[in-house]
Amino acid sequence: MTPPLVVARGLTRRYGEGAAQRSALEGLELELREGEAVLLFGPSGSGKSTLLALLGLLDRQYEGTLEVLGCSPRDATDEQLALLRNDSIGFVFQAFHLLGHLGALDNVCLPAVFSARLTPELARRRGLELLERLGLGGREGALPHELSGGQRQRVAVARALLLSPRLLLCDEPTGNLDSASGARLAELLAELHRDQATTLVIATHDERLAALATRRLLLVDGRLLQDAAA
Amino acid sequence: MSWRGLGTLTRAELRRTRGALSAAGLGVLLGTASLTFFLGLGLGVRATLLEQVFPIDRVELVPAQSEVGLLALLGGRSAPPGVDEQTAEELRRLPAVEALYPKLMLRFPSMARGGKEVLGQELGTHEMLADGVDPELVEPPLRARFTDPWSAEGKPCVTDAECADRDYCERPSGAATGRCSRPVPALVSRYLVELFDHGVAPAHGLPAVAGELLSHAEVIPFTMTLGNSLLGRAPQGSERRVKLQVIGVSPRAIDLGVTVPLAVARRWNTEYAGAAAAARSSSVVVQLRRGGDASRVLEAAAARGLQPKDTRARDVSVLTAGIMALLSLVSGVILLVAGLNIAHTLRSLVAERRQELALYRALGASAALVRRWVLALALTVGASAGAAGVALAWLLSLLVDWRAAVDLPAFPFKPASFFAFPPWLLALGVGFGVLSALLGAARPAWRASRVDPAAVLGRQDG
């Protein structure tokens, strides 16, 4: 059996100080294995984004223990975490977060700017392949405002996949999409998971994504209330 | 961290924000230009003053005033103050001393008349001061002609009429006959020329002589009367006239009076003031190996009862250093304001780019890379603006030199350029530009590196 990709023991994240302090996560126990597709359900404010930030090594202010890809964020240097994020973790955000002054291909190739793994030429070739595969062939020069919401999210997915991450973290990926685009993205993520065995963690309210899940987690008020195979 | 990535980001940002960054760099450009311009001007003027007008690598030592006064009280005229050969030799052996040249003033009354060839009428003075200097002290173009003509053989004579047109009969006191001699070569100071042109000449409606002296000084002969003046007669010797010829303007000449070869001064002093007056030098000129060695030599000189005759070099050095420091301070203030301007621009840029910076962090940029990115922007702006400022200062200096060459009349100390731009000054200009930009960027860079990607990119709903 392969070692877990993520191990969390008593994982707690608090914000604020004194009387204003509140817990976004409280005593979370969790293991994620390679190839899993985990859907993270829960109402707004339940701690889904907080958990994704911790798993994505963007946040180191936690209690308990956490290991992501064999790395304890609290003990690692900022350089080590940046390298791991660049090399092994992909992000897809609800708001896409594309750079408005860059074309689709340049947005996709952005992670390569911080990587020594791909030369600019290789990155562009790989970026073009990804855009082609995600149905955006011929739109590589289009600026974000020239693309539809669904197309923008597919550019964001291509960007997340450029360096073939082991862990893909998606925060409400269909939240800003119409139903058709949302359904298309759900199919795309399912396809990626099936073909590349990428470990997916998707925070969502969208039941259409349930079809691709191998495991469902329910978070309420920062506590894990349900952890079930799909 | 990828340096390639840093370069890519920096180039992209420079393209995107060139307007704001250029405006921010304008302050650095002006600050650097003024700093380089004023320092270049200061160094150029200082070089002219200290190398030509008041050489700081050369110091003239005379007996201390107290010694002179005491000797005068105790010994009357019997022991004229001076520097004996032993003291001169001790000073010559000091490690800081490159060379030492004795000087001897004329210690008897004299008068002078001449100048008709240049001025159209004769001028005269009833008291003439003169110094004799070692020809080795005189600059090479004049040195060859600056010799005692008495050393050359001449036709025996009794009166000037027996000699060639421009020569005269040099007949020492008491001698039955003399011999024909070329006029004694004489040097005048630029100070004297300036004084005449701007003081005496306008008062008497006479033409300025600077041009004539600088181009062909040999046209100015004059006659000196030895052994007598308005204030009295020499204790010995008989009054007689000798011919002199101004051969040039020299920084080695005394300010007021004429300067003749040392041998001539010795000869005439012996004749009119006695052997003792010729035995000791009235002063010595010490050529230093370096300008900075002056204090050590002055210390050794003070121990031997000598002091510097003229402290103007030191005064000018202090004055120019003070003016340069003041102008540098003004430039420093400009650079400080420029740094604040850059700080403001980069702070705005970081605030506008918070989401972008957070995205970079999520995609693999470390905090240090983000910090370096902002500093690299500042470095590029500072270096470009600094280099442009140095270039602007240089161009301005060319303009000023050109206008000075066209508009200002030729005066004795007029340099070809009023500026000096040694390589270290150019590097300093660019360096200050970079430094002010980096200082301005330090806090924005720190703030950029503190952008929290989780807070900026997430929905912040916990």
Side-chain angles (χ1 to χ4, degrees), chain A residues 13 15 22-25 43-54 56-61 77-87 89-91 93-95 97-102 106 110-117 119-120 159-160 162-163 169 171-172 175 203 219 221-222, chain B residues 1-21 348-377 380 445-462:
Chain A
R13 177 64 167 104
Y15 291 100
R22 66 183 183 89
S23 290
L25 284 178
S44 287
S46 60
K48 301 190 297 294
S49 293
T50 301
L51 181 58
L52 286 185
L54 288 166
L57 308 177
L58 296 176
D59 186 0
R60 295 200 281 179
Q61 307 296 311
T77 64
D78 184 69
E79 291 279 347
Q80 289 169 327
L81 295 179
L83 186 64
L84 204 55
R85 273 198 306 273
N86 179 251
D87 205 47
I89 300 175
F91 292 92
F93 304 98
Q94 179 181 2
H97 291 310
L98 300 179
L99 298 187
H101 63 288
L102 297 183
D106 287 333
L110 205 51
V113 169
F114 310 108
S115 170
R117 256 171 62 195
T119 63
R159 181 179 66 194
L162 184 81
L163 297 176
L169 304 172
D171 193 0
E172 295 286 3
L219 271 178
D221 294 335
Chain B
M1 200 280 296
S2 160
W3 287 103
R4 193 188 70 208
L6 181 65
T8 305
L9 286 183
T10 306
R11 279 194 301 275
E13 192 57 43
L14 287 171
R15 277 196 298 272
R16 275 172 83 188
T17 329
R18 57 181 174 273
L21 291 177
S348 305
L349 187 139
V350 168
E352 284 171 18
R353 304 270 195 277
R354 257 172 70 80
Q355 189 172 304
E356 192 169 319
L357 293 171
L359 181 69
Y360 291 159
R361 297 278 282 122
L363 297 181
S366 64
L369 175 65
V370 170
R371 196 165 47 240
R372 279 194 282 260
W373 173 63
V374 177
L375 291 176
L377 286 175
T380 309
W446 179 79
R447 288 171 70 97
S449 72
R450 301 276 293 176
V451 167
D452 179 0
V456 176
L457 299 176
R459 291 169 302 157
Q460 300 181 60
D461 64 352

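So you know, we letter chains A, B, ... as the sequences are listed, proteins then strands, and number each from 1.
The contact between A/Arg159 and chain B is made entirely by side chain atoms (from C-beta outward), counting heavy-atom distances below 4.5 Å. Both the backbone and the side chain of A/His97 come within contact range of chain B, with heavy atoms under 4.5 Å apart.
In this structure, B/Arg16 places its CZ atom where more than 12 heavy-atom neighbours from other residues, nucleotides or ligands lie under 6.0 Å away. Enclosure of atom CG in A/Asp78 by more than 12 non-hydrogen atoms of other residues, nucleotides or ligands within 6.0 angstrom is indicated. No more than 12 heavy atoms of other residues, nucleotides or ligands shown are found within 6.0 angstrom of CZ on B/Arg447.
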Assess the residue pair B/Leu359 and A/Leu110 against the criterion (side chain to side chain contact (heavy atoms under 4.5 Å, CB included)); give the C-alpha distance rounded to whole Å, side-chain angles, the decisive distance to 0.1 Å, and a yes or no.
CA-CA 10 Å; B/Leu359 181 69; A/Leu110 205 51; 4.0 Å; yes
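Note: A/Ser115 OG to B/Leu363 CG = 11.5 Å, rounded to the nearest 0.5 Å. Once rounded to the nearest 0.5 Å, the distance linking CG of A/Leu57 with CZ of B/Arg361 reads 11.0 Å.
Contact count against chain B (heavy-atom pairs under 4.5 Å) is highest for A/Pro120 among A/Ala53, A/Gly90, A/Pro120, A/Ser23. The candidate with the highest count of non-hydrogen atom pairs below 4.5 Å against chain B, out of A/Leu58, A/Leu52, A/Leu162, A/Leu54, is A/Leu58. Per-residue counts of heavy-atom pairs under 4.5 Å with chain A were compared for B/Ala358, B/Ala362, B/Ala367; the largest is that of B/Ala362. Among the candidates B/Pro453, B/Ala365, B/Ala12, the residue making the largest number of heavy-atom pairs closer than 4.5 Å to chain A is B/Ala365.
The two residues B/Ser366 and A/Glu79 come nearest to each other via the heavy atoms OG-OE2, 3.1 Å.
Residues B/Glu356 and A/His101 have side chains in contact (heavy-atom distance under 4.5 Å, counting atoms from C-beta outward).
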